[in-house]
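Structure, as structure tokens:
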2 protein chains.
Amino acid sequence: MSKYVDIAQQLITMIEAGEYRPWGLLEGELYLTRLFSVSRVTIRKALSLLKDKGYIHSRQGSGYYVNPSEFYKEQHLTTLSDRYANMNLSSVVLSFDVIDASEEMRKLFQLFENSKLYHYRRTRLVDDVPVTLEETWMPVSLFDDFSESELYGSVMKYIENRNFVISHDFKKVQAVALNSESARHLRKEEHSLSLQIIHKVYLLKSVLAQYTIETQADNQLNALSVR
Amino acid sequence: MSKYVDIAQQLITMIEAGEYRPWGLLEGELYLTRLFSVSRVTIRKALSLLKDKGYIHSRQGSGYYVNPSEFYKEQHLTTLSDRYANMNLSSVVLSFDVIDASEEMRKLFQLFENSKLYHYRRTRLVDDVPVTLEETWMPVSLFDDFSESELYGSVMKYIENRNFVISHDFKKVQAVALNSESARHLRKEEHSLSLQIIHKVYLLKSVLAQYTIETQADNQLNALSVR
DNA sequence: TGACATTTGTCCGTATGTATA
DNA sequence: CTATACATACGGACAAATGTC
């Protein structure tokens, strides 16, 4: 683990523990370099990471300020695994099949004819309350030992444990009205409005590894931009 | 303008001009330091900016790679002004009033009783096609010379020209079905689904300057996360 | 208003670590 | 194994914004 990531995590722990008031001042760079016995470059990288994650912001000539928790907590538009990190996450598998790739899917994944795809649907639950419904396609040619049992854990971790490196997650967000089946699985009213996030997960060298349609139970996502 | 921002913009111009193939290799840090006659630190800051904006990604030991244009073009989840930068953006003002702040709004803006708010609704058009419908509240106490004429340009620029500094834009995204009036203004079918982005725009020192409900004509937003 | 100290932002040179080809 | 390229880290210098006296 690099020093700056380690320092960033320590600072995040302190912020999440509520050791700073919202909008309150964080210690300055000079103080932190002495506290952690590292150079200013390293402290600045750590603080830059905290900025990107929405924990703090800074003003030249003034200092670093801690953001209110709504800026970094709750439903952020990141990967699912990030979003529900450290939560009691479980799965219910609705279907798992190996199917022939349609022409559309062959084009998307850049596969030859007669290629096969894994196709599964599952709900993800936090403390036994459904939070998302996922429908996913993955090429069999990339993952020869994939099986239904992987669906009860993190598929991302399965991919990374197979020595693949995930490089991008490109997302489209759109509004949908839940059909009766989706509503049932998410324990919502039929026709209620929700957000759908369509993921394209890429490995290195532009290889598309996963196409996922994620239907949220909650009709809300948060995001933050800082000047 | 700082060197690294200048360099970043030059590189962005080249990428947008199509001088690199999607997923293609960018010149290395060493080459770029010589090309621009700056240090490696500066080149890395410029490239880091390009990464954040979704133009490129990098792999240690390998190089910097140019992303396909869908990663950085189109409807990204940023501020409206950023999103439609360099486009032929115009406005139709639907209403402009000074109103008494409701209790809810007083709480939100942390105002005293009997405070006034500007309240306006406008559509924003790109090449005469409506792209968003905005409903906005701003405290009169902050902006004493605000007027309807500002609504035909960028309100953000008005704020910044008044020597205020915008520090955060916190956003919630949610799905909505257009009511008949919204649909008419956006030239969509009634009840069609759309995304609504609720903005809280903060100035320095946690001062909330603007609360905006932005209803999109398109039911789509893009985002990218990079490992 | 102006001078000054403080703090973050930018930039340079250099060295070493680590992943890739 | 080796060369290459990005990642991390150090120390130093000056610029620019801020807050205060």
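Per chain, numbering begins at 1; letters A, B, ... match sequence-line order.
One can place CD of A:Glu29 at 5 Å from P of C:dT8, the figure rounded to the nearest angstrom. With rounding to whole Å, A:Leu47 atom CG is found 14 Å from C:dT7 atom P. The distance from atom NE2 of A:His57 to atom C1' of C:dG9 is 16 Å, rounded to the nearest whole Å. Spacing between atom CZ of B:Arg59 and atom C1' of C:dT20 amounts to 8 Å, rounded to whole angstrom units. Atom CG in A:Leu49 sits roughly 14 Å away from atom C1' in D:dA7 (whole-Å rounding). In this structure, B:Leu26 atom CG and D:dT4 atom C1' are separated by 16 Å, rounded to whole Å. Nucleotide D:dA5 holds its P atom 13 Å from the OH atom of B:Tyr31, rounded to whole Å. Distance, A:Leu25 CG to D:dG19 C1': 12 Å, rounded to whole Å.
The list of side chain to side chain donor-acceptor pair (under 3.5 Å) pairs with a residue in residues 105-116 of chain B, not counting sequence neighbours, reads B:Asp100-B:Lys116.
Under the rule for a side chain to side chain donor-acceptor pair (under 3.5 Å), A:Glu148 has no partner lying at least two apart in sequence or in another chain. Listed by chain and residue number, A:His119 satisfy the side chain to side chain donor-acceptor pair (under 3.5 Å) test with A:Glu135 (two or more places apart in sequence, or in another chain). With sequence neighbours excluded, no residue forms a side chain to side chain donor-acceptor pair (under 3.5 Å) with A:Ser37. In this structure B:Arg34 satisfies the side chain to side chain donor-acceptor pair (under 3.5 Å) test with no other residue, sequence neighbours excluded.
Classified by interplanar angle (parallel below 30°, tilted 30° to 60°, perpendicular above 60°), the ring pair B:His57/A:His168 is perpendicular.
Comparing A:Ser62 and B:Leu30 by the nucleotide of DNA chain D whose heavy atom lies nearest to each, the residue mapping closer to the 5' end is B:Leu30.
Taking the ring centroids of A:Phe146 and A:Tyr158, they lie under the 6.0 Å cut-off.
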A correct 5'-to-3' footprint of nucleotides 8-16 of chain D, with B, S and - meaning base, sugar-phosphate only and no protein heavy atom under 4.0 Å, is BSBB-B--B
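Side-chain nitrogen and oxygen atoms of B:Ser58 include none within less than 4.0 Å of the OP1 or OP2 phosphate oxygen of D:dA5. Between B:Tyr65 and C:dT20, a side-chain N or O to OP1/OP2 separation shorter than 4.0 Å is absent.
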